[in-house]
Amino acid sequence: MSSDKVVSIQINKQGFLMYLSNKLIKAVFSGTGVAVILAGCSASPSTKPLSSPLALPDTLIAENKGDIEALYSSWIEPFKSYKDHYIPHINDEQLLASEAAVIDGFSRFCFTSGGAVTHRIDEYGGYKYRCSTSNSRFIGEFTINFLDDNPTQLLHVKIDSPKRLEAREALLKVFETRKSKNGPTGVIVTDEGRFKFLRIGNLKERHVLEVLLEKGTNKYIPIEDISQIKFSENAHGLNVTLRNGRNKSLNTMHLVNRTSPNLLSAYKSSDFPVVMIDPESEQPYTKIFSNLNSIKSIFFDDTSVWNTEAAAVITTTFDPLSPSRLNTYTQKLRVEANKLYSEAIDNGWIKLLPDGKLTLQLVNHLKYELRKISKSSECNDNAVIGITSLDTLLRCRVATRELKLIAGKGYSLVTEVTPLATIIVLNKIKKDLL
């Protein structure tokens, strides 16, 4: 190594600074950056330390040979005294010298552990330096990035190790096992009654539901441990009954879907999906609860009922716009239209309704309202991904149908035939009058 010329490669502050042998470095340049492979290490572990407090002594390498966790604890950890475990520096020169010292120390550690270093850009910023043996045995990895916290320059060194990799794989296995099982099944109690459900999620996939234990923490209760959830009034909190019989009163409504071992997706107040059983057809469909206040409680079946079934796609013949459902909804509109018509007669403002064709002002208002209803985003809801309101879907269909009927009949109103249009026009007249 003594005969090798030491060179430095410097890229801007968001790049990297290396002091490496020109016989050890292999670089592939592209339009997006530099991919560097530090292979065939023939350097001596006693390379001259760089002028930085982070320069790694040979003694620490010898003491922690092959153990990246132990090395990190004794080498990097003592310097992490700033927010979010960043290491502060006074200026760019000091920052780059420390970065170079970390890269140099990691490279020498890797060499003495029988490995070689590969380098790549990290997708979240910074650079990853990975140490592996020739037969691909993973020894360890450092991710290095920066933060400009003017006037302080911050260096962040994150570790990965075989121990951490093993822990992640164990968490992934647990998550995939949970995700692969259907459920939970049970009964949901709303303002409209009690309904059976087949799982939390939609017809395509199960959601891995968890409940936040306490605000400001990262502690969650998995749904497998919960037998009942009661929602407090105004959605200010939850009362959770665990399967061991214990009760927990939580000051949070934070329900989440675990999408990976380390990622959570919080349900907003308008997107809590449940695969319900339609009482009329006894077919499943995905119901999206637009307001958690409308849920009073959820009772979950014992895990033995649902946790042995595969979380497959659920098929259905559910038709939210079936003739019988459409007729029932249309009849509700007729009742509402006739009630409003009677009110207009009783209060004398029925005379404001033209006998023949509607006025241009009423025509324009009616067309606008019917089109607005028929083009609502909820008109595209479906049984697979989710339906926010069955009545809204039916209202979309009625609005589309009446718009065509009224156009063909010169905008005349017939309560039995065009109840929605009648309601819109009479409400317009009533509003203008009052």
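Everything quoted here is computed from the prediction, not taken from an experiment.
Taking the six-membered ring where the residue is Trp, His207 and Tyr267 present parallel rings, their angle staying beneath 30° rather than reaching 60°. Between Phe197 and Phe300, the ring planes lie perpendicular to each other; the angle is over 60°, past the 30° to 60° tilted range.
Within 6.0 Å of atom NZ in Lys128, more than 12 heavy atoms from other residues, nucleotides or ligands are found, so the atom counts as buried in its surroundings. Around atom CD of Glu280, more than 12 heavy atoms belonging to other residues, nucleotides or ligands sit under 6.0 Å away. Around atom CZ of Arg397, no more than 12 heavy atoms belonging to other residues, nucleotides or ligands sit under 6.0 Å away.
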message: Show, in sequence, the C-alpha distance, side-chain angles and deciding distance for Arg199 and Glu205, and conclude whether the salt bridge (charged side-chain N to carboxylate O under 4.0 Å, His left out) test is met.
response: CA-CA 9 Å; Arg199 66 183 174 204; Glu205 64 175 355; over 6 Å; no
- request: Please test Phe106 against Phe142 for ring pair (Phe, Tyr, Trp, His ring centres under 6.0 Å), starting from the C-alpha separation and ending with a verdict.
  value: CA-CA 8 Å; Phe106 181 78; Phe142 276 7; 4.8 Å; yes
task: Applying side chain to side chain donor-acceptor pair (under 3.5 Å), run through Asn257 and Ser265 and close with a yes or a no.
output: CA-CA 5 Å; Asn257 172 29; Ser265 175; 5.5 Å; no
query: Taking it one step at a time, do Lys332 and Asp391 satisfy salt bridge (charged side-chain N to carboxylate O under 4.0 Å, His left out)?
result: CA-CA 10 Å; Lys332 285 170 58 178; Asp391 280 357; 3.4 Å; yes
message: Would Ser98 and Ser52 count as a side chain to side chain donor-acceptor pair (under 3.5 Å) here? Give the steps.
response: CA-CA 5 Å; Ser98 291; Ser52 167; 3.0 Å; yes
query: Taking it one step at a time, do Arg243 and Asp225 satisfy salt bridge (charged side-chain N to carboxylate O under 4.0 Å, His left out)?
result: CA-CA 6 Å; Arg243 295 198 182 275; Asp225 294 343; over 6 Å; no
message: Working note: Ser294 + Asp191, criterion side chain to side chain donor-acceptor pair (under 3.5 Å); need CA distance, chi angles, decisive distance, verdict.
response: CA-CA 6 Å; Ser294 64; Asp191 295 333; 5.3 Å; no
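Residue Asn202 holds its CG atom at 7.5 Å from CD1 of Ile288, rounded to the nearest 0.5 Å. Atom-to-atom distance recorded for Leu340:CG and Ile424:CD1 is 11.5 Å, nearest 0.5 angstrom.
Annotation for Ile61 and Thr112: closest pair CG2-OG1, 3.2 Å, computed over non-hydrogen atoms. Here the closest non-hydrogen pair linking Ile144 and Glu99 is CG2-CG, 4.0 Å. Annotation for Ile87 and Lys80: closest pair CG1-CG, 3.9 Å, computed over non-hydrogen atoms. Of all the heavy atoms in Phe272 and Ile295, the pair that sits closest is CD2-CD1, 3.9 Å. The minimum heavy-atom distance between Gly201 and Val275, with the atom names listed, is O-CG2, 3.7 Å. Pairing each heavy atom of Glu210 with each of Pro222, the nearest pair is CG-CA, 3.9 Å.
Under a 3.5 Å cut-off, the side chain of Asp278 and the backbone N or O of Gln283 do not form any donor-acceptor pair. The backbone N or O of Val305 lies less than 3.5 Å from no partner atom in the side chain of Asp302, so there is not a single donor-acceptor pair. Not a single donor-acceptor pair under 3.5 Å links the side chain of Ser132 to the backbone N or O of Phe138. The backbone N or O of Pro323 lies less than 3.5 Å from a partner atom in the side chain of Asn327, making a donor-acceptor pair.
The existence of a salt bridge linking Lys372 and Glu369 is confirmed by a sub-4.0 Å separation between a basic side-chain nitrogen and an acidic carboxylate oxygen. Between Lys158 and Asp122 no salt bridge is recorded (no basic side-chain N to carboxylate O distance below 4.0 Å). With respect to the salt-bridge test (charged N to carboxylate O, under 4.0 angstrom), the residues Arg395 and Glu402 do not qualify. The residues Glu224 and Lys181 are annotated as not salt-bridged, no charged nitrogen and carboxylate oxygen being separated by less than 4.0 angstrom.
Phe299 pairs by the ring pair (Phe, Tyr, Trp, His ring centres under 6.0 Å) definition with nothing, not counting sequence neighbours.
By the 4.5 Å heavy-atom criterion applied to side chains, Leu390 and Arg325 are counted as neighbours. Two residues are said to be in side-chain contact when any heavy atoms from C-beta on lie closer than 4.5 Å; Thr133 and Ile139 meet this criterion. In this structure, the side chains of His119 and Arg130 stay at 4.5 Å or more apart for every pair of heavy atoms. A heavy-atom distance below 4.5 Å is not found between the side chains of Thr286 and Ile387. At least one side-chain heavy atom of Pro57 sits under 4.5 Å from a side-chain heavy atom of Leu60. The shortest side-chain heavy-atom distance between Thr330 and Pro419 falls under the 4.5 Å cut-off. No side-chain heavy atom of Val384 sits less than 4.5 Å from a side-chain heavy atom of Tyr285. Looking at Leu250 and Leu213, their side chains come closer than 4.5 Å, going by heavy atoms from C-beta outward.
Note that Lys287 lies in the cation-pi zone of Phe289, set by a 6.0 Å cut-off to the ring centre and a 45° limit from the axis.
Counting only N and O atoms by type, the side chains of Ser161 and Glu69 include a donor and acceptor under 3.5 Å apart.
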